[in-house]
There are 2 protein chains.
Amino acid sequence: MTSVEEPARPGERIRDAARTRAEILDVATREFARAGYDGARVDEIAARTRTTKRMIYYYFGGKEQLFTAVLERAYGVIREAEQQLDVDHLDPVAAIRRLAEVTFDHHERHPDFIRLVSIENIHGAQHIAASEELGRMGSPALDVIRRILAAGRESGLFTADVDAVDLHAMISAFCFFRVSNRHTFGALFGRDLVDPAQREHYRTMLGDMVIAYLTAERTAD
Amino acid sequence: MTSVEEPARPGERIRDAARTRAEILDVATREFARAGYDGARVDEIAARTRTTKRMIYYYFGGKEQLFTAVLERAYGVIREAEQQLDVDHLDPVAAIRRLAEVTFDHHERHPDFIRLVSIENIHGAQHIAASEELGRMGSPALDVIRRILAAGRESGLFTADVDAVDLHAMISAFCFFRVSNRHTFGALFGRDLVDPAQREHYRTMLGDMVIAYLTAERTAD
DNA sequence: CAAACAATGTACGAACCAGTACGTTAGCTA
DNA sequence: TAGCTAACGTACTGGTTCGTACATTGTTTG
């Protein structure tokens, strides 16, 4: 037919299920992260893709399942980053610092992920609960933390009997808050926690905090 | 007219501007916190009050301004709690611990506030920016922190030259995350950070962490 | 090469929802 | 007690938004 309006772009197939699906996910991620679950518009997501709203319902079933799919992929990304974490050659202190830095960097590089998690918490984690994939997806970081803590305890470097999940919460809290509450914190205290000029400062601060906690003599309780 | 349907309840005036306004704010706080800004319904808020939707627009002007008013009151509550904080009679270590505990307790007791702040961050803190009241409202906690840090530094108890805003961020991050990310964290790691049985554990952990950071010898940088 | 099916597009509907036009009443004050 | 105004209620509208019925086209396979 060789239409003038629609030049046959070579290499770009008209029909490509995988690409269409992926493009919808990309756009939906941005849109949900930008406006929240209820603020996001299915029509708007469709408009920003090269396909139509019909395809969203064809591939995902509905807005709710689309959001779940977005979450699944976002969590998949951080799981991958954690899996590539190799700290077995480091001493416990350096290993914990490295882990904290990787977590710090990932949160900073993925503000959309942070926003999605915030949004999911507003909705009581109902999409995670409804997702099989997210249910059985453990956290590689937790295993790493467990190993480091065991090594640190044995070598006598780490004082207390710290729980791996607790330490993960401590590190995540700092990294997450810095990004998630950037706007209100900035508006109220006049300081941008994600200011690039302060990046090294906060990255060091996190490591110092965690190491200080792990190596301090605990007050008897 | 002495209607059978509407018994004249004594002590409950039919017309009370202040009470109506306050009731709208109460209900709106719950509703916004429950469903987010876009998820909340003006009709639903009105239905849960003893008045009508018309009054919301009469008193607040619109949904946007209503949310701003809700935020202003919520921040006012935490500011009051901070103002009643008296730690001048304590030594720096005890004072910091006390401050951390008060912050911890307030976050735990006001999950709606946490949710509102999360929601406001999703929207880029635009309502705070639009509010004069919130703009000039400082943080009493910051002044307290500054005083404690100065005392701790002078007495040689605290090592480093820690910034008050940074310390506030550190404490807030832990307290905030524990409540704000309760649902996703619980779903993914099988641990309820707000479990009453764990409350003392996390309250102590926060204090230990902050004190360890403030008293540790810092690695040269 | 002809079914058969996967992938895609169009057009529409029904419910929802923020906001308002307009009318009413309580309670204070002159 | 007349009259005025703040406080309140009803009923509606215009636009939006999720979801779908129905039609169509590319692609693969027997």
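Naming convention: chains lettered A, B, ... in sequence-line order (proteins, then strands); numbering from 1 in each chain.
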Can you give me the N/O atom pairs linking the protein to nucleotides 4-6 of chain C at distances under 3.5 Å, or say none if there are none?
from, atom 1, to, atom 2, distance (Å)
C:dA6, N3, A:Arg15, NH1, 3.2

Task: Exercise: identify the closest heavy-atom pair between B:Pro140 and B:Gln83 - done: CG-CG, 3.7 Å
TODO: Work out which heavy atom in B:Ile122 is nearest to a heavy atom in A:Ala35; give both atom names and the distance.
DONE: CG2-C, 4.4 Å
Among [options], which nucleotide has an atom closest to any side-chain atom of [X]?
X	options	answer
A:Val42	C:dT10, D:dC8, D:dC18	D:dC18
B:Lys63	C:dA18, D:dC8, C:dG9	C:dA18
A:Met55	C:dA7, D:dC8, C:dT10	C:dA7
B:Lys53	D:dG19, C:dA18, C:dG9	C:dA18

Open item on the list: Once rounded to the nearest 0.5 Å, what's the spacing between atom NZ of A:Lys53 and atom OG1 of A:Thr51?
Closed with: 12.5 Å
TODO: Rounded to the nearest 0.5 Å, what's the gap from OG1 on A:Thr49 to CG on A:Leu25? Could you check?
DONE: 11.5 Å
Task: Over 12 foreign heavy atoms within 6.0 Å of CD, B:Glu132 - done: no
Going by the angle between their ring planes, with limits at 30° and 60°, are [X] and [Y] parallel, tilted or perpendicular?
X	Y	result
B:Phe113	B:His106	perpendicular
A:His123	A:His127	perpendicular
A:Phe174	A:Tyr202	tilted

Over how many whole Å does the gap from [X] atom [atom1] to [N] atom [atom2] extend?
X	N	atom1	atom2	value
A:Ile24	C:dT8	CD1	C1'	11 Å
A:Arg54	D:dC22	CZ	P	12 Å
A:Asp43	C:dT10	CG	P	14 Å
A:Ile45	D:dT17	CD1	P	12 Å
A:Arg21	C:dT8	CZ	P	12 Å
B:Leu66	C:dC17	CG	P	16 Å
B:Asp16	C:dG27	CG	C1'	12 Å
B:Phe32	C:dA18	CZ	C1'	11 Å

Task: Proximity to DNA chain D (any heavy atom under 4.0 Å), residues of residues 119-130 of chain A only - done: none
Open item on the list: Under 4.0 Å, heavy atom to any atom of DNA chain D: which of residues 33-41 of chain A qualify?
Closed with: A:Ala40, A:Arg41
- [ ] Could you check A:Glu44 against B:Thr51 and say which one's nearest nucleotide on DNA chain D is further toward the 5' end?
- [x] B:Thr51
Task: B:His168 vs A:Phe185 side-chain heavy atoms within contact, under 4.5 Å - done: yes
Task: Check: A:Gln198 and A:Asp192 side chains under 4.5 Å, non-hydrogen atoms - done: no
Task: Short N-O contact, B:Asp26 and B:Arg73, less than 4.0 angstrom - done: yes
Task: Trace of the salt bridge (charged side-chain N to carboxylate O under 4.0 Å, His left out) decision for A:Arg34 with A:Asp112 - done: CA-CA 8 Å; A:Arg34 188 185 63 79; A:Asp112 275 3; over 6 Å; no
Open item on the list: For D:dC8 and B:Tyr57 - does any side-chain N or O of the residue sit under 4.0 Å from the phosphate oxygens OP1/OP2?
Closed with: no
